[in-house]
There are 2 protein chains.
Amino acid sequence: MAVRLKDIAQDLGVSTITVSKVLRGGTDISEATRERVLRRVQELNYRPNMLARGLAGGPTGTMGLLVPDLVQPFFAEFAKALSSLLREHDLALILASSEEDPAIEEREIRALVHRGVDVLLLASCRESLLDLPALGVAPTPCVLFDRSFRGVDAAFVGLDEVEVGRLATNHLLEQGCTRVAHIGGKATSPAVGRLEGYCQAVRQHGLVLPAAYVHSCGHVEEGGFDTGFEAMQALLALPVPPDAVFCYNDMTAVGAMEAVLRAGLRVPEDVAVVGCGNFRFAEYLRRPLSSIDQNVAELGRIAGTMALALAVDAQAPARQVLLQPRLIARASSLRRERG
Amino acid sequence: MAVRLKDIAQDLGVSTITVSKVLRGGTDISEATRERVLRRVQELNYRPNMLARGLAGGPTGTMGLLVPDLVQPFFAEFAKALSSLLREHDLALILASSEEDPAIEEREIRALVHRGVDVLLLASCRESLLDLPALGVAPTPCVLFDRSFRGVDAAFVGLDEVEVGRLATNHLLEQGCTRVAHIGGKATSPAVGRLEGYCQAVRQHGLVLPAAYVHSCGHVEEGGFDTGFEAMQALLALPVPPDAVFCYNDMTAVGAMEAVLRAGLRVPEDVAVVGCGNFRFAEYLRRPLSSIDQNVAELGRIAGTMALALAVDAQAPARQVLLQPRLIARASSLRRERG
DNA sequence: CTGAAAGCGCTAACAT
DNA sequence: ATGTTAGCGCTTTCAG
């Protein structure tokens with residue numbers, strides 16, 4: 001049987017309460033006892049029983065992470081960074097997946113909260129999160145990430161998605177492209193933000209582009225390749241096809257490139273392409289893919305830090321952090337000598 | 001406050017123990033009470049408090065998954081499949097990562113066991129697992145996966161790695177290659193198995209190849225690209241360089257292909273390449289990559305099923321399951337018309 | 001500064 | 001077939 005609070009207390013001739021207080025940083029403890037307790041805790045390598053602690057009303061030392069799809073590199077990297085950080089604090093991570101299904105997401109939220117996670121980290125696939133309290137989340141504090149929601153007063157970490165759209169589109173325009181299209185997503189905040197950035201960049205360059213240059217596709221997350229492939233085919237079939245395209249993510253971009261190549265056209269000479277995500281294979285593709293780097297590891301670390309703060313004090317002010325994206329230019333978009 | 005066992009009991013005028021028994025499928029309960037209890041449980045949508053259940057000695061409804069690196073698609077897909085399965089049984093998954101560091105792995109094992117996971121699923125990065133009991137795992141049952149260990153009597157699910165090596169190597173030989181090299185890993189059971197399969201295939205074809213054709217590289221998991229790149233450069237520098245190479249994983253294969261192309265040679269005409277893992281981008285690379293599919297989703301499901309059995313009965317016999325790999329042939333290895 | 005009493009929600013072992 | 005007693009390891013009041 002593992003070492004218990006009681007064992008330490010008996011060894012030292014004090015009560016369990018005293019030990020408990022020391023462990024949780026109580027102030028009303030003499031420096032002498034505190035040291036004695038801590039030493040013994042070290043010696044016996046005592047670890048609190050989190051089940052008991054949780055049951056008695058304390059924290060469970062557990063955080064819940066709910067993502068739409070762990071196989072997407074974005075979420076895998078996020079989970080890895082978060083997990084690294086939590087390990088340093090002896091916290092455990094309960095992982096759940098919504099499979100991009102709001103009904104599953106709701107069930108999983110309830111399950112995690114019911115299990116007593118100290119904080120919930122959520123990349124929601126719902127349309128609105130206004131009913132988050134109704135989902136029974138409170139009083140469990142919550143850190144949203146990747147996808148933000150209007151009118152929800154929760155901590156949030158994500159990318160400056162408008163800047164993502166601007167970066168990609170400006171880059172394409174600067175490469176001399178004049179007919180830039182966008183294959184984007186639907187409804188989610190990243191999709192909306194990237195589209196907005198795209199529009200801003202186009203406007204700033206004094207261009208007016210056909211509405212048909214914007215494709216807003218559902219399921220762009222999972223169906224990436226096919227979505228990109230089909231959207232690009234449609235774009236190429238326009239009377240005046242685009243000479244560049246900014247794609248919602250890298251897989252979509254791969255699909256789009258494939259469509260361009262199969263149409264007998266060249267990348268980037270006929271159609272320049274920029275993706276988003278900057279996955280590890282971007283530079284080894286048939287045509288090395290320019291992409292927007294999302295700095296996911298940093299995102300995970302920030303989200304984790306926020307979560308830690310909320311675990312200590314659930315009432316801590318809900319910060320909103322936006323990270324700046326970076327463009328990684330590769331052959332798929334570089335039309336000029338030396339970029 | 002959530003619904004408790006006691007609430008159900010009071011509503012029905014029975015004792016909590018009766019309700020508890022019904023919930024756990026006790027036999028010494030009249031059919032009438034059982035039904036009354038179950039109905040009320042439904043109506044109130046009662047969910048047991050796992051903290052309390054665990055503390056009192058029951059199962060915690062929790063499984064621990066410990067992997068070397070969640071970012072590797074293999075482990076991400078495994079985790080996803082497992083998580084899907086567990087969701088159907090209302091079990092939670094605690095995720096931990098060893099970062100390929102045995103010391104971290106050991107700490108995490110202890111932490112998971114201490115938290116009372118009902119089963120531990122482990123892809124170990126240690127050299128030996130003979131001291132698994134000493135790690136304080138027992139009586140927590142354990143399912144090993146991906147990497148097997150001699151002399152350890154635990155449930156295991158993985159690939160038939162020898163067959164992986166044979167499949168890949170035979171394929172290259174059948175394509176007319178006569179000087180097949182292998183860029184492999186070190187120490188782990190998959191690395192050993194694949195090398196063995198490679199050797200078997202070479203022998204069966206009556207060939208005798210230089211020892212220098214086999215590169216056993218450390219850190220082939222994380223450092224994939226560079227490992228493959230450098231190993232291939234070394235192979236190409238041999239007096240009689242190989243005309244084909246079977247690489248430990250896809251990233252290694254990408255590195256190897258890059259080395260071949262930069263040397264001014266062609267894939268597959270000068271050097272045919274086969275990888276392992278069959279990741280999603282294999283077909284969109286500069287040269288679409290032939291690869292061995294590991295059927296990870298199935299692997300995850302089987303591991304999960306084993307874990308469920310062990311959660312019910314920790315003494316259940318420890319099965320060992322080996323899945324058969326499949327070759328997916330693409331341009332990187334197809335030298336003859338129509339493969 | 002320290003401790004005693006009570007209880008979190010559940011289950012084991014033993015009655016009845 | 002059902003209930004009683006006791007306790008899992010910890011934390012919260014509140015009293016000393």
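Labels below follow one simple rule: chain letters A, B, ... track the order of the sequence lines, proteins then strands, and each chain is numbered from 1.
The two residues A/A155 and A/L310 have their closest heavy-atom pair at CB-CD1, 4.3 Å.
For A/T18 and C/dG3, the shortest distance from a side-chain N or O to OP1 or OP2 is below 4.0 Å.
Taking atom CG of residue A/N49 and atom P of nucleotide D/dT11, one finds them 10 Å apart after rounding to whole Å. Look at CD on A/Q10: it is 15 Å from C1' on D/dC10, rounded to the nearest Å. Atom pair B/Y46:OH and C/dG9:P shows a separation of 10 Å (rounding to whole Å applied). Whole-Å rounding puts the A/L55 CG to D/dG9 C1' distance at 9 Å. For B/R47 and C/dC10, the CZ to C1' distance is 17 Å, given to the nearest whole Å. Computed from coordinates, the B/R53 CZ to D/dG9 P distance equals 19 Å when rounded to whole Å. In this structure, the CG atom of A/L44 is 16 Å from the C1' atom of D/dG9, given to the nearest Å. Nucleotide C/dC1 holds its C1' atom 15 Å from the CZ atom of A/R24, rounded to whole Å.
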| said: Could you walk me through whether A/E77 and A/K80 satisfy the salt bridge (charged side-chain N to carboxylate O under 4.0 Å, His left out) test, starting with their C-alpha distance in whole Å, then the side-chain angles of each, then the deciding distance to 0.1 Å, before giving a yes or no? | reply: CA-CA 5 Å; A/E77 279 195 42; A/K80 178 181 178 176; over 6 Å; no

| task | Would you check, one step at a time, whether the test salt bridge (charged side-chain N to carboxylate O under 4.0 Å, His left out) holds for B/R147 with B/E105? | result | CA-CA 14 Å; B/R147 310 177 184 191; B/E105 179 178 311; over 6 Å; no

| message | Under the criterion side-chain contact (heavy atoms from CB on, under 4.5 Å), I'd like the reasoning laid out for A/I29 against A/V37: C-alpha separation, chi angles, the key distance, then a yes or no. | response | CA-CA 11 Å; A/I29 296 287; A/V37 168; over 6 Å; no

| task | Step by step, work out the side-chain contact (heavy atoms from CB on, under 4.5 Å) result for B/D146 and B/T188. | result | CA-CA 10 Å; B/D146 185 42; B/T188 66; over 6 Å; no

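Atom CZ of B/R107 has 12 or fewer heavy atoms from other residues, nucleotides or ligands within 6.0 Å. The environment of NE2 in A/H219 is sparse: at most 12 heavy-atom neighbours from other residues, nucleotides or ligands sit within 6.0 Å. Within a 6.0 Å radius of CG in B/D101, other residues, nucleotides and ligands contribute more than 12 heavy atoms.
A heavy atom lying under 4.0 Å from DNA chain D marks none of the residues of residues 28-36 of chain A.
Looking at A/V14 and A/V19, their side chains come closer than 4.5 Å, going by heavy atoms from C-beta outward.
Considering B/R115, B/E108, B/M63 as possible partners of B/I94, the one that fulfils the side-chain contact (heavy atoms from CB on, under 4.5 Å) test is B/R115.
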Polar atom pairs between nucleotides 13-16 of chain C and protein, under 3.5 Å, N or O only, would you list them?
none

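Checking C/dG9, C/dT11, D/dT11 against the side-chain heavy atoms of B/S20 singles out C/dT11 as nearest.
Residues B/V14 and A/P48 each lie close to DNA chain D; by heavy-atom proximity, the contact nearer the 5' end of the strand is made by B/V14.
When the local axes at the two ends of the helix from C/dC1-D/dG16 to C/dT16-D/dA1 are compared, using 5 base pairs at each end, they differ in direction by 30° after rounding to 10°.
At a cut-off of 3.5 Å, with distance as the only test, no side-chain donor of A/S97 or A/D69 sits close to an acceptor on the other residue.
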